[in-house]
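Report on one structure; see the data block that follows.
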Protein chains: 2
Amino acid sequence: MLREALTDPSPENLLKFLNTHLGNRDCLIQVLGECEVFYQGRAASVAEAGDFLVLVKCDGSLQVHGAKGIKPINWQPKVDDTQVLIENGRAVLLSERFNPPELVRVVFLKPALAQALELDEVSGFVLFGSEAEMQKALTRNPEAIEAGLTLIDAELPTEVGDIDLYARDSQGRLVVIELKRGKATQEAVYQLMRYVERIGEIGGTDVRGILAAPAITKPALERLQALKLEFHEVRALPVEEKPEAQPTLFSS
Amino acid sequence: MLREALTDPSPENLLKFLNTHLGNRDCLIQVLGECEVFYQGRAASVAEAGDFLVLVKCDGSLQVHGAKGIKPINWQPKVDDTQVLIENGRAVLLSERFNPPELVRVVFLKPALAQALELDEVSGFVLFGSEAEMQKALTRNPEAIEAGLTLIDAELPTEVGDIDLYARDSQGRLVVIELKRGKATQEAVYQLMRYVERIGEIGGTDVRGILAAPAITKPALERLQALKLEFHEVRALPVEEKPEAQPTLFSS
DNA sequence: GTTTCGATATCGGTT
DNA sequence: AACCGATGTCGAAAC
């Protein structure tokens, strides 16, 4: 798993190391040590000399991590060109993207550790509880939103955006449904409002709007009600079971 | 910088290693090797056995990286409790957050390398070109949006959200300005529309709305114009100089 | 603690 | 390539 490691490499050795493994494109490269980091692109930033962990993955993506926080202080998700050179006796990493033009420049002042790590690509990853999954489940079973609902369409395109679910209720009224996997906000209410208005314009009379989500913020609920729209609770995931609270043969 | 490293640690040694450095809270901890990762919280996920790089920073934040991509496959940004234990002869890392309840569980199947890295906290980081910076610059110099503009307020709260900039034009009309640091989308147009409608309701007549951004998407511009709103170009950063295109004393 | 909004958001899908 | 919407978004500020 550890292909190669250098401690306290000279700029020349670090250059050679980085060029070798960047060229192979089969290792995760990391350099730990004191660096300066510069970024210019959609925004711009400067990080004064400090300790950072620099990661370059097989796909060329770059992230520069500080001591804290989940997010890197600088990064480059899609890289068109990576170069290493020596400037003023220091190894410098340039990570560039062409469109939009973005450049991250890492100057290695005191590299302490450089490693090339083998990481086979991962295949089996599954996520549950996404909005897409909710939509599929509710398409199969619209009754989970309201009894008597008949689905007409999903992802219905309109002038003002795509309607998540489009249905008719038990009384034959058109129903526009906006889905959220998390707590619904005012933004979702306005989204729903636009769809309901649009459906009203192009044909429907007495169009209902339902915001379907596991929860809703207080201000969003107030606005929703003021607009004569509705909230229905639906869950992205089955409610978590709490084994310690379950009655058993022995406790009952 | 490299405080401690173990290669191919036994479950017991890995447990001891993790407990020691998690307790000290002064190192970035890395474990490289074959793992399974489970997550349950707002959503849920399963990653089958595969090669991962697990990072735990001093603040307890956890990220599990695969071979590709800027984003970890699983993560925990705010951690309330981290535990290590041995289950079925394997070291297991539990990273838990209480509110909302979220749990990441990493099972180390074949840990190849465990390292504790010293990273002093970084201080000097500056970002340029944020929307906040744009807003400050335009507050000092509203003429950059339009000649004769007089600022009334910034971040003005309304029923439908906060207005970035609120002004009066040379003819005394009220102007609502929505600021975007990047290309403006339809969403920004609707935001602006809501603000203009709201200001119209509570007092103004003939209220103007300006979307100020470095660029706007084509559909957003069409919708904006249909709504009788305006687009004005403003930049988050000074236009990049291209030295090779600059006329010089010699080329001219 | 809740809500809102910006972000170098990133990412994936669709046109 | 441009555009749009979801994200376990994260993160900070305002309330």
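Here is how names work: the chains are called A, B, and so on, in the same order as the sequence lines, proteins then strands, and each is numbered from 1.
Among the heavy atoms of the strands lying under 4.0 Å from B:Lys183 are primed sugar atoms or P, OP1, OP2 only; no base atom is included. Residue contacts shown for A:Gly129 are absent, as no nucleic acid heavy atom lies under 4.0 Å away. Backbone-only contact: A:Ser130 has heavy atoms under 4.0 Å from sugar-phosphate atoms and none from a base. Using a 4.0 Å heavy-atom criterion, one finds that B:Glu102 contacts the bases of the nucleic acid, with or without backbone contacts as well. Nucleic acid contact for A:Gln63: none, since no nucleic acid atom lies under 4.0 Å from a heavy atom of the residue. Among the protein residues, B:Gly182 comes within range of no part of the nucleic acid, since none of its heavy atoms lies under 4.0 Å from any strand. Within 4.0 Å (heavy atoms only), B:Ile216 reaches no atom of the nucleic acid at all.
The OH-C1' distance, from B:Tyr39 to D:dT7, rounds to 11 Å in whole Å. At whole-Å resolution of the value, CG in B:Leu221 and C1' in D:dC3 are 14 Å apart. The distance between atom CZ of A:Phe125 and atom P of C:dG12, rounded to the nearest whole Å, is 12 Å. Atom pair B:Leu237:CG and C:dT8:P shows a separation of 11 Å (rounding to whole Å applied). Distance, B:Met134 CE to C:dT8 P: 13 Å, rounded to whole Å. When rounded to the nearest whole Å, the span between NZ of A:Lys136 and C1' of C:dG13 equals 14 Å. Note: CD (B:Glu155) to P (C:dC5) measures 9 Å, nearest angstrom. Counting to the nearest Å, the P atom of D:dA6 and the CD1 atom of A:Ile163 are 13 Å from each other.
Put simply, A:Lys71 has no side-chain N or O that comes within less than 4.0 Å of OP1 or OP2 on C:dA9. Residue B:Thr217 has a polar side-chain atom (N or O) positioned under 4.0 Å from OP1 or OP2 of D:dC4. Side-chain N/O atoms of A:Gln186 include one lying less than 4.0 angstrom from OP1 or OP2 on C:dT4. OP1 or OP2 of C:dT10 lies within a sub-4.0 Å distance of a side-chain N or O belonging to A:Trp75. For D:dA6, one of the phosphate oxygens OP1 or OP2 lies less than 4.0 angstrom from a side-chain nitrogen or oxygen of A:Lys180. Side-chain nitrogen and oxygen atoms of A:Arg42 include at least one within less than 4.0 Å of the OP1 or OP2 phosphate oxygen of C:dA9. For D:dG8, neither phosphate oxygen OP1 nor OP2 lies less than 4.0 angstrom from any side-chain nitrogen or oxygen of B:Arg97.
Comparing atom distances between the B:Gln76 side chain and each of D:dG8, C:dT10, C:dC5 picks out D:dG8 as nearest. Of the candidates C:dG6, D:dA6, D:dC10, C:dG6 carries the atom nearest the B:Glu178 side chain, counting heavy atoms from C-beta on. Closest to the B:Tyr195 side chain, of the nucleotides C:dT3, D:dG8, C:dC5, is C:dC5. With C:dT8, C:dT3, D:dG8 as the candidates, the nucleotide lying closest to the side chain of A:Leu127 is D:dG8.
Using a 4.5 Å heavy-atom cutoff, the side chains of A:Glu146 and A:Leu149 are in contact. By the 4.5 Å heavy-atom criterion applied to side chains, B:Cys35 and B:Val106 are counted as neighbours. Here the side chains of A:Leu62 and A:Val54 are in contact, with some heavy-atom distance below 4.5 Å. Considering only heavy atoms from C-beta on, B:Arg208 stays 4.5 Å or farther from B:Leu174 through its side chain.
Each of B:Gly161 and A:Ala43 was assigned the nucleotide of DNA chain C with the nearest heavy atom; the assignment lying further toward the 5' end belongs to B:Gly161. Nearest-nucleotide positions on DNA chain D place A:Asp164 closer to the 5' end than the other of A:Asp164 and B:Pro77.
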Worksheet entry | Step-by-step side-chain hydrogen bond (donor to acceptor under 3.5 Å, both in side chains) determination, B:Lys71 to B:His65 | CA-CA 7 Å; B:Lys71 293 177 72 177; B:His65 282 277; over 6 Å; no
Discussion item. Before you tell me yes or no, could you show the steps for A:Glu133 and A:Lys136 under salt bridge (charged side-chain N to carboxylate O under 4.0 Å, His left out), namely the whole-Å CA-CA distance, both residues' side-chain angles and the distance that decides it to 0.1 Å?
Written reply: CA-CA 5 Å; A:Glu133 210 187 27; A:Lys136 267 186 280 182; over 6 Å; no
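For B:Asp162 and C:dT4, a side-chain-to-base donor-acceptor distance below 3.5 Å is absent, hydrogens and geometry of angles not being considered. Not a single donor-acceptor contact under 3.5 angstrom links the side-chain atoms of B:Asn99 to the base of C:dG1.
Separation of the P atoms belonging to C:dC11 and D:dG11 is 16 Å when rounded to the nearest angstrom. For the P atoms, the distance from D:dC4 to D:dG8 is 22 Å, rounded to whole Å.
A cation-pi arrangement, defined by a distance under 6.0 Å to the six-membered ring centre and an angle within 45 degrees of its axis, is absent between A:Arg105 and A:Tyr39.
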